[in-house]
Protein chains: 2
Amino acid sequence: MNIYDIAKLSGVSIATVSRVINNSPKVSEKTKKKVWDVMNEYDYTPNVFARGLGLNSVKTVGLVCPDVSDRYMASAIAYLEKNLRKYGYDSILMCSGFDYEGKVEAVKILLDRRIDAMILVGSHYAGDCGQNDIQYLKDAAQKVPVVLMNGYIRVPGVYCILTDNYKAVYDTVCNLIEAGRKKIVFLYDANSYSTTKKLEGYQDALIDNGLKVQEEYKVLMPNNVLKARDLLAKKKLDFDAVIASDDAMAVGALKYVHQINKSISEDVNVVGFNNSELCVCCYPEMSSIDSQEEELSEIAVDSLIKVLAGKSVRQKMEIPCKFIKRNTTQF
Amino acid sequence: MNIYDIAKLSGVSIATVSRVINNSPKVSEKTKKKVWDVMNEYDYTPNVFARGLGLNSVKTVGLVCPDVSDRYMASAIAYLEKNLRKYGYDSILMCSGFDYEGKVEAVKILLDRRIDAMILVGSHYAGDCGQNDIQYLKDAAQKVPVVLMNGYIRVPGVYCILTDNYKAVYDTVCNLIEAGRKKIVFLYDANSYSTTKKLEGYQDALIDNGLKVQEEYKVLMPNNVLKARDLLAKKKLDFDAVIASDDAMAVGALKYVHQINKSISEDVNVVGFNNSELCVCCYPEMSSIDSQEEELSEIAVDSLIKVLAGKSVRQKMEIPCKFIKRNTTQF
DNA sequence: CTGAAAGCGCTTACAG
DNA sequence: CTGAAAGCGCTTACAG
């Protein structure tokens, strides 16, 4: 069943059928209805490939993230898919991995599929692998609009939507210091854009409060509860507060504190990042900085739709994080 | 730049170019190389839409799950995407939600996109909404191969890959009873296929060990740590073991036990399901039943590829779960 | 408001 | 091993 069949059955030309499919205003209501009825009766669906050939688009956006099994990315992807669908866009998912090659390949596959736009989730696309490694994004942005969620690069055609991670960490560390903490550890798992911002916030807060930035207090580690715990145990660092770039490491730290029989809240404060369910699994429950995936996703999609409609949109949009204070962790 | 340009530039016909694109064995190595060189030089990529029109496929599979932000589904989707890509298939993601309408819509959108196959993740597609609600899957299976991950329905063209949830729970409950537990609670959050199997395993184990199945010990609740904890607190149930259909509820139970100053392991055993990172966040760490997403995803993709290649494949494939015993929970 | 016709860029059966 | 030609099923500028 194709457009010719429908045309024949409804006694019009294929041009007219095409117009009613695309809801063209130039068709009379009467013929519109006539054709619709036939299409419904025979359960006709236009062939996407043919439409694609004609229109050079099938309303698809590429969603790329290093790994959807990561809680943060999964939740972003979920919101994005939902929001995009509202506007009739389907989502092709690519888990690119964290390596440069994987990222380049994912972007290439998507471009070859003639997607209408691309949304990259997580700040691992903003050049954490070196200096010139965003060339592939620049190239991609020449072809389709590119949205970066939680990363920032100043490239025409790349729209960046992010939360203010610098400020979130800066403020938190200031609060910790005001509450009397002096030996504050920063745990992180990557050198991505957002992590770098968090690190800067951490360092600046220390400096602005007259504390020294100590190298051994900046700990790079796997983002994994048990590994984080054990690494801290091995290092035997002496600290009275922890802030981590993701919850899993923070929970690991919390467990370590437990292990050495210190009291969370009394002796040590622990703050996580991303406000995942992990925060309420541990004891005591853990404060965390919420990175607002839902809001970001919404802004990302709205902006993208505007861009696709030819409207102008700001190249960088930053919203504040939210500090989620759990009763049991006080400062 | 299209196939005509390449043909002209390499001095052959478009038929030949098409053949080298498709790596047809009928082309001489010499012309193959000649054409390849031109394609590479001009960075030519065949137009997917035109290919789609000609081949009636663009090597895409639809991935549908109720909600990717669920840990279990996210991890399955991640593995599926990765495995499918190995075979050159791209993945269109659809988060259908848990309602019937959403599921039907997701499947329809995918079918309209002329996907080559469909993989449904989670057992919510196996008819948890009523009796006749799998008609849309039957219809879909007429058009493309359908794979159900962790669900089972006996429908031609629907291939079901699942873990033996019944046995996993049955065995666990038997072990609990042998260890002296008598008041075993079962927590669950839905009436999906797999949950129903788990519930059956729970009940049969009780019966086979001469215990009574008590209705108040089967607790339907939201799959959420704090809500689970609070609901149990409100119910004031007296129990000495808990098994849940997902980790979050189990952790909630564990926290409740903590709250009433009972000892996990001494007084109460708690076992979760899906072996997520939540299990190691709580204290003490929690045992859980691993539902083998990675293995399932691999089998799912392998089977699908076979089906697409016209080979025959078993309609139902079931593998055992793995019990993950954490040191601190003993029985 | 409607139709005839060209065009989108491939694939492939057929002939050689 | 290679090419000419038809076909895949749409969209749309043009003419009326």
Side-chain angles (χ1 to χ4, degrees), chain A residues 1-39 42-60 88 90 109 111-116 143-144 308, chain B residues 1-39 42-60 88 90 109 111-116 143-144 308:
Chain A
M1 178 112 308
N2 60 26
I3 203 173
Y4 290 90
D5 300 320
I6 299 296
K8 205 168 293 169
L9 287 163
S10 34
V12 297
S13 72
I14 59 157
T16 298
V17 176
S18 174
R19 288 192 191 99
V20 348
I21 291 170
N22 294 292
N23 210 338
S24 157
K26 310 193 220 172
V27 185
S28 76
E29 284 307 316
K30 206 177 138 191
T31 31
K32 228 175 215 172
K33 180 171 174 359
K34 189 169 61 181
V35 177
W36 263 117
D37 287 348
V38 175
M39 294 200 301
Y42 291 88
D43 205 21
Y44 164 74
T45 313
N47 182 301
V48 248
F49 303 133
R51 289 199 90 188
L53 232 203
L55 297 168
N56 204 31
S57 155
V58 287
K59 298 198 81 176
T60 313
D90 296 335
I109 294 178
L111 255 16
D112 287 353
R113 299 254 337 194
R114 320 263 157 155
I115 45 153
D116 296 288
K143 303 187 179 174
V144 295
L308 289 169
Chain B
M1 180 111 309
N2 59 28
I3 204 173
Y4 290 92
D5 300 321
I6 300 296
K8 205 168 294 168
L9 286 163
S10 34
V12 297
S13 72
I14 58 158
T16 298
V17 176
S18 173
R19 288 192 192 99
V20 348
I21 290 171
N22 294 292
N23 210 338
S24 157
K26 309 193 222 172
V27 185
S28 77
E29 284 306 316
K30 205 177 139 192
T31 31
K32 228 175 213 172
K33 178 170 175 3
K34 189 169 63 180
V35 176
W36 262 117
D37 286 348
V38 175
M39 295 202 298
Y42 291 87
D43 205 22
Y44 165 75
T45 313
N47 182 301
V48 248
F49 303 135
R51 288 200 92 188
L53 232 202
L55 296 168
N56 204 32
S57 155
V58 287
K59 298 198 80 176
T60 313
D90 295 335
I109 293 178
L111 255 16
D112 287 353
R113 298 249 344 190
R114 318 263 159 157
I115 45 153
D116 296 289
K143 303 187 180 176
V144 295
L308 288 169

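No experiment lies behind these values; they were computed from the predicted model shown. Hydrogens, waters and symmetry mates are skipped; everything else that's a heavy atom, side chains included, is used.
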Using a 4.0 Å heavy-atom cut-off across all strands, classify B:Val48 as base, sugar-phosphate, or nothing.
nothing
I'd like to know if the side chain of B:Asp5 and the backbone of B:Asn2 have a donor-acceptor N/O pair within less than 3.5 Å.
yes
Side chain to side chain contact (heavy atoms under 4.5 Å, CB included), that's the test. Do A:Trp36 and A:Met39 meet it? Break it down for me.
CA-CA 5 Å; A:Trp36 263 117; A:Met39 294 200 301; 3.5 Å; yes
Between A:Ile21 and B:Glu29, which has a closest nucleotide on DNA chain D that is more 5'?
B:Glu29
Grab the CG-P distance between B:Leu53 and D:dC8 for me, whole Å please.
10 Å
Measure the shortest side-chain to side-chain distance between B:Val35 and B:Arg19 over non-hydrogen atoms and say whether it is less than 4.5 angstrom.
no
Atom CD1 in A:Ile109, atom CD1 in A:Ile115: separation rounded to 0.5 Å?
11.0 Å
Would you check, one step at a time, whether the test side chain to side chain contact (heavy atoms under 4.5 Å, CB included) holds for B:Leu111 with B:Val144?
CA-CA 8 Å; B:Leu111 255 16; B:Val144 295; 3.9 Å; yes
Measure NZ/B:Lys34 against C1'/D:dC1 and give the value in whole Å, please.
12 Å
Ignoring the backbone of B:Asn47, work out which of D:dG9, D:dT2, C:dG9 is nearest its side chain.
C:dG9
With distance as the sole test, does B:Asn22 use its side chain to make a donor-acceptor pair with the main-chain N or O of B:Ser24 at under 3.5 Å?
no
Return the value, rounded to whole Å, for the distance between atom CZ of B:Phe49 and atom P of C:dC10.
12 Å
Taking OP1 and OP2 of C:dT11, is either one under 4.0 Å from a side-chain nitrogen or oxygen of B:Arg51?
yes
In whole Å, I'd like the distance from the CG atom of A:Asn56 to the C1' atom of C:dG9.
10 Å
Determine the minimum heavy-atom distance between A:Tyr42 and A:Met1, stating which atoms define it.
CB-SD, 3.2 Å
Which of D:dC10, C:dG3, D:dT2 is nearest the side chain of A:Val12? It is C:dG3
Quantified in whole Å, what is the P atom distance between nucleotide C:dA13 and nucleotide C:dG9?
23 Å
Looking at every non-hydrogen atom in both residues, tell me the closest pair between A:Thr45 and B:Arg114 and how far apart they are.
O-NH2, 3.1 Å
Do you know the tightest heavy-atom contact between A:Val38 and A:Ile6?
CG1-CD1, 4.1 Å
Show your reasoning for whether side chain to side chain contact (heavy atoms under 4.5 Å, CB included) applies to A:Val17 and A:Tyr4.
CA-CA 9 Å; A:Val17 176; A:Tyr4 290 90; over 6 Å; no
Whole Å only: how far is the NZ atom of A:Lys30 from the C1' atom of C:dC1?
12 Å
Between A:Thr31 and C:dC1, does any side-chain N or O lie under 4.0 Å from OP1 or OP2?
no
The correct set of residues in residues 2-9 of chain A placing a heavy atom under 4.0 Å from DNA chain D is A:Asn2, A:Ile3, A:Tyr4
Using atom C1' of each nucleotide, how far apart are C:dT12 and C:dG16 to the nearest Å?
16 Å
Dot-bracket for DNA chain C: what is it, with Watson-Crick or G-U pairs under 3.5 Å, [ ] where a pair crosses earlier ones, and | for a pair to another strand?
|||.||||||||.|||
Heavy atoms from C-beta onward define the side chain here; which of D:dT2, C:dG9, C:dC10 lies closest to that of B:Tyr44?
C:dC10
Tabulated below should be each protein N or O lying under 3.5 Å from an N or O of nucleotides 12-16 of chain D; please produce it.
from   : atom 1 : to      : atom 2 : distance (Å)
D:dA13 : N6     : A:Arg19 : NH2    : 3.2

Steps toward side chain to side chain contact (heavy atoms under 4.5 Å, CB included) verdict (B:Arg113, A:Asp90):
CA-CA 9 Å; B:Arg113 298 249 344 190; A:Asp90 296 335; 2.7 Å; yes
Heavy atoms, side chains only, cut-off 4.5 Å: are A:Asn47 and B:Asn56 in contact?
yes
